[in-house]
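In what follows, every chain begins at residue 1, and chains take the letters A, B, ... in the order their sequences are listed.
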There are 2 protein chains.
Amino acid sequence: MSEPAKDPAGGPLVLVVEDDAQMRRFLRVTLRMHQYRVLEATSAQEALVCAAARRPDLVVLDLGLPDADGITVVERLRTWYSGPVVVVSARHQEPDKIKALDAGADDYLTKPFGTGELLARLRAALRTHNRTAANVDQGVFVTGTLRVDHDRHEVESRGQPVKLTPLEYRLLQALIRHADKVVTRTQLLREVWGEAHVDEAHYLRVYMSALRHKLEADPARPQMLLTEPNVGYRLRTQ
Amino acid sequence: MSEPAKDPAGGPLVLVVEDDAQMRRFLRVTLRMHQYRVLEATSAQEALVCAAARRPDLVVLDLGLPDADGITVVERLRTWYSGPVVVVSARHQEPDKIKALDAGADDYLTKPFGTGELLARLRAALRTHNRTAANVDQGVFVTGTLRVDHDRHEVESRGQPVKLTPLEYRLLQALIRHADKVVTRTQLLREVWGEAHVDEAHYLRVYMSALRHKLEADPARPQMLLTEPNVGYRLRTQ
DNA sequence: TGCGTGCCTGACGCTGCCTTGATGCCGGAT
DNA sequence: ATCCGGCATCAAGGCAGCGTCAGGCACGCA
């Protein structure tokens, strides 16, 4: 764990967990340049200690660490840490990436990635997490043209009331629960259909399709109900 | 039983009964954040003691406790406690959920659920409970277009007097007694037909149909006498 | 004894939902 | 250029739950 000298105060505190020096340097420079304060760890061990001690606002975690796999880190973190965790994975570690998301990570970046993408993801992760419970206070979830009233179990799209079947409603709820986060197929299936059907990926396609046709202006080009190829889905808010 | 230090005064006092630490933490944080004061118990034993000692305004009870099943807790609570009890159940314990409602729980949440749902249910439970006495005060129950005079045994719908058969009347009373609550089939059958006929679900269909035709503007699209699929019925007031 | 009212019971139909398979499209890989 | 896997869409089957209807029976009353 280290916090090299002069960090500009004010920006969000980010913990970067990355063993490769090159990559670490890139992340450090980029983040500093954009007013983040940066902590660094080069192993799982270090990462957990540092996170506990410094309570960062966000964790960027590279999978493929020397001492333990990243999944374990996510699990251990999640026992107490509720902030956003963004996972960085090399292209050939797809299964790990998914495991990490299942374990509670919020989003992922696949190497190689550019500065723009990195910053966008981090901003999104922080934004989501800071989002106040203003909507929740009313028992209503609102984003764009979508409006979900938990009290009355009613859904509205572009001002029009929409009838959802129980499963559709549950699926939508699950997505809202993880708004702006990547939700893996397994996770969605578990939450909506139960443990017994975690590999009926086809259900998801059918019901996502249904949701899109009921909620999206142009179901073929969804604005909210996004597909994350090879991983799952995501509800984009705003 | 525990009440960690500083609770803001003012909000309703909620007793959370939950053995899983993660879940307990989520509930605590969420509720605190929304001005509830929170008590916690991790076992049936503790729950009963705590409830008796502190008289919470509401109880959130997870089924599937280590020392006793949640149904027992509801039963024991109901021997003296009249406040709202909201049950939390995992998806695979549906039968238990119904048993808990039969035993006197007010509403239920199925894991996993989001903050919105949680808060909505609690608000509804508290709201209903504070108001239950009001309508019954004069021996007259009024909601929407429906008016029931318990003293005179008279029912009015949209200004017109309506003749109900004795059984219809008793069924309506049972629903009014639990206004806005989910009432299981078993419970209705018990209260109207008696213990011996708790599984004659067909009676309910016939008599609910009759009630709807006499009381609802459009019996095919009931506004007050609502079906809770796979569970029972509910009288919606307002 | 005849009539009316209310209750039970079975049959029926319907709707809405879930599941499943077939098909087509697109983009990436070979 | 072609193949292939993953995703979206469509349509059909089947099922369960619920609502509705009508006939029969019992009871009370005149």
Side-chain angles (χ1 to χ4, degrees), chain A residues 91-92 94-95 97-98 110 153 155 162-172 174-175 182-186 188-189 191-194 196-234, chain B residues 91 94-95 98 153 155 162-172 174-175 182-186 188-189 192-194 196-234:
Chain A
R91 186 156 200 71
H92 57 273
E94 290 264 318
K97 176 180 79 184
I98 292 186
T110 303
H153 258 235
V155 179
V162 175
K163 268 205 82 174
L164 297 187
T165 74
L167 271 183
E168 286 164 359
Y169 188 77
R170 270 190 85 75
L171 178 55
L172 180 59
L175 289 166
V182 181
V183 198
T184 62
R185 282 189 286 266
T186 308
L188 283 173
L189 287 162
E191 295 190 11
V192 177
W193 278 268
H197 303 86
V198 285
D199 32 32
E200 306 272 11
H202 192 51
Y203 291 3
L204 281 181
R205 299 203 192 95
V206 174
Y207 279 85
M208 284 300 302
S209 173
L211 275 184
R212 280 171 178 155
H213 280 87
K214 292 186 179 185
L215 303 179
E216 292 275 7
D218 179 0
R221 281 173 209 76
Q223 301 298 306
M224 306 179 297
L225 303 165
L226 309 183
T227 302
E228 293 283 335
N230 296 316
V231 178
Y233 296 87
R234 176 204 305 253
Chain B
R91 186 163 183 65
E94 291 264 319
I98 292 187
H153 256 238
V155 179
V162 175
K163 264 205 83 173
L164 297 187
T165 74
L167 269 184
E168 285 164 1
Y169 188 76
R170 292 186 57 185
L171 178 56
L172 179 59
L175 288 166
V182 182
V183 198
T184 62
R185 283 189 284 265
T186 308
L188 284 172
L189 287 162
V192 178
W193 278 267
H197 303 87
V198 285
D199 32 32
E200 306 274 9
H202 193 52
Y203 292 4
L204 282 179
R205 297 202 196 96
V206 174
Y207 280 85
M208 283 299 302
S209 173
L211 275 183
R212 280 172 178 155
H213 279 88
K214 292 187 179 184
L215 302 179
E216 292 274 7
D218 179 0
R221 280 176 209 76
Q223 301 297 307
M224 304 180 297
L225 302 165
L226 308 184
T227 302
E228 292 281 333
N230 296 314
V231 178
Y233 295 87
R234 178 203 301 254

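- Contact annotation: A:Y207 side-chain N/O to C:dC18 OP1/OP2 distance is under 4.0 Å.
- The listed nucleotides are D:dC18, D:dT9, C:dC17; the one nearest the side chain of B:T227 is D:dC18.
- Between A:R205 and D:dC7 there is a side-chain polar atom (N or O) within less than 4.0 angstrom of OP1 or OP2.
- Using a 4.0 Å heavy-atom distance criterion, A:H213 is classed as a sugar-phosphate-only contact.
- For D:dA8, the OP1/OP2 oxygens have a side-chain nitrogen or oxygen of A:R212 closer than 4.0 Å.
- B:R170 places its CZ atom 10 Å from the P atom of C:dC8, with the value rounded to the nearest Å.
- Inspection of the B:R212 and B:T227 side chains reveals an N or O donor paired with an N or O acceptor under 3.5 Å.
- Proximity of B:M224 to B:L215: side-chain heavy atoms (C-beta onward) are separated by under 4.5 Å at one or more points.
- OP1 or OP2 of C:dC18 has at least one side-chain nitrogen or oxygen of A:T165 nearer than 4.0 Å.
- Taking atom OH of residue B:Y169 and atom P of nucleotide C:dC7, one finds them 14 Å apart after rounding to whole Å.
- Atom CG in B:L204 sits roughly 13 Å away from atom C1' in D:dG17 (whole-Å rounding).
- Regarding A:K214, its NZ atom lies at a distance of 14 Å from the P atom of D:dT9, rounded to whole Å.
- Residues A:K214 and A:L164 have side chains in contact (heavy-atom distance under 4.5 Å, counting atoms from C-beta outward).
- Residues A:L171 and A:Y203 have side chains not in contact (no heavy-atom distance under 4.5 Å, counting atoms from C-beta outward).
- Distance check: A:Y207 OH to A:L167 CG gives 4.5 Å after rounding to the nearest 0.5 Å.
- Checking the phosphate oxygens (OP1, OP2) of D:dG19, a side-chain nitrogen or oxygen of B:Y233 falls inside 4.0 Å.
- The phosphate of C:dC7 has neither OP1 nor OP2 within less than 4.0 Å of any side-chain N or O from B:W193.
- Where B:Y203 and A:L167 each meet DNA chain C at their nearest nucleotide, the meeting point lying more 5' is that of B:Y203.
- One interatomic measurement links the two molecules: CG of B:L189 to C1' of C:dC7, which rounds to 15 Å at whole-angstrom precision.
- Listed pair A:R185 / D:dG6 fails the phosphate criterion, with no side-chain N or O lying under 4.0 Å from OP1 or OP2.
- A straight line from NE2 of B:H202 to C1' of D:dC18 spans 10 Å, rounded to a whole angstrom.
- The nearest whole Å value for the distance from the CG atom in B:L164 to the P atom in C:dC7 is 10 Å.
- Considering only the side chain of B:P166, C:dG6 comes nearest among C:dG6, D:dT20, C:dA22.
- For B:N230, whose side chain is taken as the heavy atoms from C-beta onward, the closest listed nucleotide among D:dT9, D:dT20, D:dG17 is D:dG17.
- Atom pair A:L171:CG and C:dT19:C1' shows a separation of 16 Å (rounding to whole Å applied).
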